[in-house]
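Just so it is clear, the structure is predicted and the values come from calculations on it, not from any experiment.
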Number of protein chains: 2
Amino acid sequence: MTRTSRDDVVAAAGRLFAERGYHGTSMRDLGKELGLLGSSLYSHVDGKQQLLVEVVNRGAGFFQQSADAALATQGSASDRLWALVDGHVGVVLDHRSEVRTYLNQAEALHDEFRASVIAARDRYEEAFRTVLKDGAADGSFRSDVDPPITAIFILSILNAVDRWYHEDGRIDRDALVSDIFDFTADGIS
Amino acid sequence: MTRTSRDDVVAAAGRLFAERGYHGTSMRDLGKELGLLGSSLYSHVDGKQQLLVEVVNRGAGFFQQSADAALATQGSASDRLWALVDGHVGVVLDHRSEVRTYLNQAEALHDEFRASVIAARDRYEEAFRTVLKDGAADGSFRSDVDPPITAIFILSILNAVDRWYHEDGRIDRDALVSDIFDFTADGIS
DNA sequence: CCTACCGATCGGTAGG
DNA sequence: CCTACCGATCGGTAGG
């Protein structure tokens, strides 16, 4: 056991916030997770709310990085949509705590920070809307696709992944991405 | 102002649990919502956890009623899927507090109750799996549809509705149901 | 449904 | 990072 870093504290906060919720986690719980007292955390961070802000910002950052990379992908709109789906699944599975906290605990943020999360989500969603609009225009997708609502449907599927998917189940990560993409592209008919 | 009924207390608890979360709501908050003191609530209910159980059970009940009715629908598997989607959207929009609490606050339930919620969710999901299997067998849907995973995708879209949909927006309730059904049936290609 | 209260726990601080 | 603590708030109870 070496000494606890600030990063360790934020990571542990992410885990507990994801599991028990922000209000369900006390600073003493968090201290225990790290093998120290609740009061000792204040030499690493200013307070509990700051920890939530930091975890949520990490979550938002992972998603935005993924979207930026996906939009830079060469190829058709369909290829870029695949990259968005693949990237989103990767973020969810590689950063579960931060993602869960980002998706479910943002309501515990103070007003200013919550507003910036809403803005970040909209910016991320915009990547999906853009790809859908491009694909509807160039014939990759049906011309009557409604980008805003379709983006919401796709993101609903993607954001729910962390609620049910287990890496050791019957479908691996690539199959999951394929299944989501195929469902989105072709539906069940 | 007439006197407060037990139902009023459960309904108010649903609203606050949905908005602020179980751990973010105190009995004093709940009393204030009803115009009385926190301690006065104990003449109506045994405790805070019991209130959560009751709200969650109401949410579960609405969904199961809807599924039972949808499965009894005459017609094709496709008609029954429509009925499931339509019923789910109705439950979400008519009982937002209970639904939000059911979907997002079940983790705050004590073990035994949380287990029964998981069982209720599985039972409800089974209705979707059944319809998908029937439809894949009789040609209503593609024969290679994977019922368990497809049920999850459809429910992911349905459960997210309460996170973004506003009844006074550009699409009304029937259009929402159509959009979800069409996306599920045909995708975007 | 209120008054008056209980022990426990909360986020956080001073000082080392 | 701990000791020792602060005032505030928590879920809940006794008695009316």
Side-chain angles (χ1 to χ4, degrees), chain A residues 1-57 97 101 104-114, chain B residues 1-57 97 101 104-114:
Chain A
M1 277 303 228
T2 72
R3 63 189 278 283
T4 301
S5 72
R6 198 197 145 85
D7 250 43
D8 294 335
V9 178
V10 177
R15 289 197 300 275
L16 296 193
F17 292 164
E19 269 170 41
R20 314 177 191 175
Y22 179 73
H23 295 298
T25 302
S26 73
M27 291 300 273
R28 284 161 179 84
D29 290 337
L30 179 53
K32 203 169 294 171
E33 173 88 1
L34 291 159
L36 37 86
L37 296 177
S39 59
S40 301
L41 296 167
Y42 290 87
S43 55
H44 292 103
V45 290
D46 284 345
K48 191 184 175 187
Q49 174 79 199
Q50 191 196 54
L51 276 171
L52 178 59
V53 169
E54 217 145 324
V55 173
V56 161
N57 281 344
S97 305
T101 303
N104 303 319
Q105 301 301 317
E107 73 206 358
L109 286 168
H110 294 168
D111 288 349
E112 27 174 342
F113 299 117
R114 201 174 55 248
Chain B
M1 278 304 227
T2 72
R3 62 189 278 285
T4 301
S5 72
R6 198 197 146 83
D7 251 42
D8 295 334
V9 178
V10 178
R15 290 197 299 277
L16 296 194
F17 292 164
E19 270 171 40
R20 313 176 192 176
Y22 179 73
H23 295 298
T25 302
S26 73
M27 292 300 273
R28 283 161 179 87
D29 290 338
L30 180 53
K32 203 168 294 171
E33 174 88 1
L34 292 159
L36 37 85
L37 296 177
S39 59
S40 301
L41 296 168
Y42 290 86
S43 56
H44 292 102
V45 290
D46 285 344
K48 191 184 175 187
Q49 176 78 199
Q50 191 196 55
L51 276 170
L52 179 59
V53 169
E54 216 145 321
V55 173
V56 160
N57 281 344
S97 305
T101 303
N104 303 318
Q105 302 301 317
E107 71 204 359
L109 286 168
H110 294 169
D111 288 349
E112 28 173 341
F113 300 118
R114 200 173 55 247

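Between B/Lys48 and B/Thr25, the shortest heavy-atom contact is NZ-O, 2.7 Å. Closest heavy-atom contact between B/Arg6 and B/His44: NH1-O, 2.8 Å. Nearest heavy atom pair, residue A/Gly47 against residue A/Tyr42, reads CA-CE2, 3.9 Å.
Looking at residues two or more places apart in sequence or on another chain, you find a side chain to side chain contact (heavy atoms under 4.5 Å, CB included) between B/Ala13 and B/Phe17, B/Leu30, B/Leu51, B/Val55. Remark: B/Asp7 pairs with B/Ser5, B/Arg58 by the side chain to side chain contact (heavy atoms under 4.5 Å, CB included) rule, at least two apart or across chains. Residues forming a side-chain hydrogen bond (donor to acceptor under 3.5 Å, both in side chains) with A/Asn104 (at least two apart in sequence, or on another chain): B/Arg163. For A/Asp111, the salt bridge (charged side-chain N to carboxylate O under 4.0 Å, His left out) test picks out A/Arg114, with sequence neighbours left out. With sequence neighbours excluded, the residues satisfying side-chain hydrogen bond (donor to acceptor under 3.5 Å, both in side chains) with A/Glu33 are A/Arg15. Looking at residues two or more places apart in sequence or on another chain, you find no side chain to side chain contact (heavy atoms under 4.5 Å, CB included) involving B/Ser43. Applying the side-chain hydrogen bond (donor to acceptor under 3.5 Å, both in side chains) rule to B/Ser26 yields the partners B/Asp29; only residues at least two apart in sequence or on another chain are considered. By the side-chain hydrogen bond (donor to acceptor under 3.5 Å, both in side chains) test, B/Glu19 is found to be paired with no residue, residues two or more places apart in sequence or in another chain being considered.
Using a 4.0 Å cut-off on heavy atoms, the residues of residues 24-32 of chain B that approach DNA chain D are B/Thr25, B/Ser26, B/Met27, B/Arg28, listed by number. Taken residue by residue, residues 39-47 of chain A places heavy atoms nearer than 4.0 Å to DNA chain C at A/Ser39, A/Tyr42, A/Gly47.
For DNA chain C, if you chain together Watson-Crick or G-U pairs that step i with j, i+1 with j-1 and so on, the runs of at least three with distances under 3.5 Å are C:1-16 with D:1-16.
When DNA chain C is scanned in the 5' to 3' direction for atoms under 4.0 Å from non-hydrogen atoms of chain A, the outermost contacting nucleotides are C/dC10 to C/dT13.
A/Tyr22 places a side-chain N or O within 3.5 Å of a backbone atom of A/Gln49 that can act as its donor or acceptor partner.
At the heavy-atom level, B/Leu37 lies under 4.0 Å from base atoms of the strands shown.
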